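Presented below is the structure to which this report refers.
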Amino acid sequence: MTTIPTDETYLASVIRFTMKSMTTKTPVPFGALIVETATGKPLIKALNAVAAENDPSSHAELRTVRKACKKLAKKGKGRSLKGYTMYSTCEPCAMCMANILWSGLDRVVYGATIDDANRHCNQIKIPAREVSTRSDMPCIVDGPLLRDEAYALFTHPNMLKVFEQWKSGPRTLKKAAKKGKA
């Protein structure tokens, strides 16, 4: 009999995956992982790439859903993520939670909260659970879980430097990106 890892195991895994970005030129505190709910088999993971892709919608959760749907489509399984669970280092914003609902994910488990993220960067302050309950598309929202470990991504010294650059505005970000620091 195969034992499916716990929520803590998956969330710790995506936190470790995201923490690796802290040693790169473009650290990000947002990462996500999608696993098959019944088997626990990981499907795909991704990091936030807003700055790298110059796309404000390139949040980790959206990128993970996009990659998962493409991967499943190649296998002839369509674009629905029914039967899958997402693990995210941070509570999904309203945009990401809407995407999660549209994709059909069964469940989302998150670490840090939107309020935690908002201490460092702009957020749409609508809890993921509220977005889910106001929808007619079912999705269980669980969290925060491993909140301190996930929040450590936001307070890593390299991430704090990037947050300061973000607050300085687009011109500073463009200069930092050219130098490989954003």
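All values reported here derive from a predicted model rather than from experimental measurement. The figures here come from the full heavy-atom set of this structure, side chains too, leaving out hydrogens, waters and symmetry mates.
- K70 NZ: 12 or fewer foreign heavy atoms inside a 6.0 Å radius.
- With a 4.5 Å cut-off on side-chain heavy atoms, V28 and V50 do not count as touching.
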Applying side chain to side chain contact (heavy atoms under 4.5 Å, CB included) to H120 and T155, what does each step give before you reach the verdict?
CA-CA 9 Å; H120 305 280; T155 59; 4.2 Å; yes
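- Just one of I44, D106, V65, L43 meets the side-chain contact (heavy atoms from CB on, under 4.5 Å) condition when paired with Y84; it is L43.
- I114 and V108 fall into different hydrophobic clusters, where Ile, Leu, Val, Met, Phe, Trp and Tyr side chains are chained together by heavy-atom contacts under 4.5 Å.
- Residues T89 and P29 fail the side-chain proximity criterion, which asks for heavy atoms closer than 4.5 Å.
- Checking side-chain atoms of N99 against main-chain N and O of L62 turns up no donor-acceptor pair under 3.5 Å.
- Remark: K20 engages no residue in a side chain to side chain contact (heavy atoms under 4.5 Å, CB included) (not counting sequence neighbours).
- Ring planes of F154 and Y151: parallel class, angle under 30° (limits at 30 and 60°).
- Both W102 and I34 sit in one connected hydrophobic cluster of ILVMFWY residues. Membership requires side-chain heavy atoms under 4.5 Å apart, directly or through other members.
- Side-chain atoms of T9 and T6 form a donor-acceptor pair, as typed in the model, at a separation below 3.5 Å.
- When all heavy atoms of S58 and E53 are compared, the closest pair comes out as OG-OE1, 2.6 Å.
- Residue I100 comes nearest to P92 through the heavy atom pair CD1-CG, 3.8 Å, listed as atom of the first residue, atom of the second, then distance.
- When all heavy atoms are compared, the tightest approach of L101 to S135 is CD1-CB, 3.6 Å.
- Across N118 and Q123, no two heavy atoms sit closer than the pair ND2-N, 3.5 Å.
- Hydrophobic cluster membership differs between V109 and V131, with clusters built from Ile, Leu, Val, Met, Phe, Trp and Tyr side chains linked at under 4.5 angstrom.
- Looking only at side-chain heavy atoms (C-beta outward), K167 and E164 come within less than 4.5 Å of each other.
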Any chance you could lay out the side chain to side chain contact (heavy atoms under 4.5 Å, CB included) test for F30 and C96, step after step, and finish with the verdict?
CA-CA 12 Å; F30 305 101; C96 291; over 6 Å; no
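- Here the closest non-hydrogen pair linking R129 and G143 is NH2-O, 3.4 Å.
- The neighbour count for R119 CZ, taken as heavy atoms of other residues, nucleotides or ligands under 6.0 Å away, is above 12.
- No side-chain heavy atom of D116 sits less than 4.5 Å from a side-chain heavy atom of C90.
- Under a hydrophobic clustering in which Ile, Leu, Val, Met, Phe, Trp and Tyr are joined whenever their side-chain heavy atoms come within less than 4.5 Å, directly or via other members, M137 and M95 fall into different clusters.
- Judged as a side-chain hydrogen bond (donor to acceptor under 3.5 Å, both in side chains), and not counting sequence neighbours, D115 has no contacts.
- Between D142 and R107, the closest side-chain pair of non-hydrogen atoms falls below 4.5 Å.
- Side-chain contact check for H59 versus C93: some heavy-atom pair is nearer than 4.5 Å.
- Both L33 and I15 are assigned to one and the same hydrophobic cluster, defined by single-linkage of ILVMFWY side chains at heavy-atom distances under 4.5 Å.
- No side-chain heavy atom of M159 sits less than 4.5 Å from a side-chain heavy atom of L153.
- Using a 4.5 Å heavy-atom threshold, the side chains of V141 and M97 count as touching.
- In terms of heavy atoms, D7 sits closest to L145 at CB-CD2, 3.6 Å.
- Checked against ring pair (Phe, Tyr, Trp, His ring centres under 6.0 Å), Y10 has the following partners two or more places apart in sequence or in another chain: Y87.
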